[in-house]
Amino acid sequence: MVGARDAAFMARALFLAERGAGRTSPNPIVGAVVVTPDGIVVGHGAHLQAGGPHAEVVALDEAGALARGATLYCTLEPCCHTGRTGPCVERIAAAGVGRVVAAMTDPNPTVRGRGFAFLRDRGIAVIEGVGAEEAARQNTAFACWVTRGRPHVTLKVAVSRDGFVGRAGERVRLTGPIADRFLHRQRAAMDAIAVGAGTVLTDDPALTVRLAYRARPFTRVIFDWSLRVPAAARVFSTLAAGPVIMVVSRGAARAQPDTVARFEDAGVVVLRADGRELAPVLRRLGARDLLSLLVEGGPRLHAAFLAESQVDRVQVVATPRVLGQGLAAAAGMDLGPGSALTRRVVLGDDELWETDVHRAD
């Protein structure tokens, strides 16, 4: 039976899982709690680093002998394969756990249901689906990566009250300090950020994480098909913060070999692409273990992602500022049937509207 007690302990496991946000790629974030039959928490854990101990193992180690006959709450199906660490299901069975309550099935094809089957075959009761919606939200990017082979793409745009995202050739700040802090916390939880060459030429951004803690290097991706961005751009002075990947057309790379060589000698990754199709580029980013990609600008890059249906989430930050004239947001914001507003957050004078894009595939 699933009741309020199971829901409460799963909520604790989900809270613990959030400690891994922005830290575990290419692994999912997972939280776990071990509870004795009389309701005492004797172990808790979170997965904090790829290659490090899984949440279930951390919780079981803390519980020790008290895990025998206890219930293990975990936000994701325990793994049953050997990767960088051993299978969690074997540790669970060896610890004598009597019952496992899990939020969701692991979408990884090497696990998907096999972990649950292993536990049931050894007489361990398994309850699935407690806290499933929140667990799925936490690992949306991981699920996209393991099933589609590319990062989960969030398209983010700030818009003035009269519908503009900026002015051509002019750096314009639209969002206020509360929204800036919120958005940098979000950036810190992502694996990578992407902008177009026009954004770099106009704003000269560092594309680093500020106003929030980032536990690991942060990847910056610049879509510069024609190699227009100069080597003096500020982002190239921040390589200590993480890799910078320039996506250029193969033709531009051939036409400007000295420019490419200068970038590569400086430590910039130059990714040569055949044509300007985004899907192959995203798969190559996925192969670099990038699970989430935040596409911040500008309108032409947004339009390209939308035109190729390579967007999973859209975030519009509505601001009270009036520009009078400028650049409009990308056309083609029809996100298809089934898409609806999923979150609305007031951020001081600004407001974030978030929509998840649902597709039949």
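By convention here, the first residue in the shown sequence is residue 1.
Scanning for ring-ring contact (aromatic ring centres under 6.0 Å, His included) contacts around His47 gives His54, with sequence neighbours left out. Judged as a ring-ring contact (aromatic ring centres under 6.0 Å, His included), and not counting sequence neighbours, the contacts of Phe9 are Tyr73.
Under 3.5 Å, the side chains of Arg150 and Gln310 contain a donor-acceptor pair of N or O atoms. Thr238 and Arg220 are linked by a side-chain donor-acceptor pair at a separation below 3.5 angstrom, with hydrogens and angles left out of the test. Side-chain atoms of Asp191 and Ser25 include a donor-acceptor pair closer than 3.5 Å. Side-chain contact of Thr175 with Asp180: a donor-acceptor pair under 3.5 Å is present, judged by distance alone.
Around the CZ atom of Arg19, the shell of radius 6.0 Å holds no more than 12 heavy atoms that belong to other residues, nucleotides or ligands. Heavy-atom neighbours of Trp225 CH2 from other residues, nucleotides or ligands within 6.0 Å: above the threshold of 12. Other residues, nucleotides and ligands contribute over 12 non-hydrogen atoms within 6.0 Å of the CZ atom of Arg112. Dense packing is recorded around CG of Asp162, with more than 12 heavy atoms of other residues, nucleotides or ligands lying under 6.0 Å away.
Counting heavy atoms from C-beta on, the side chains of Tyr213 and Arg185 never come closer than 4.5 Å.
For the pair Arg122 and Phe118, the distance from NZ or CZ to the six-membered ring centre is under 6.0 Å and the angle to the ring normal is within 45 degrees.
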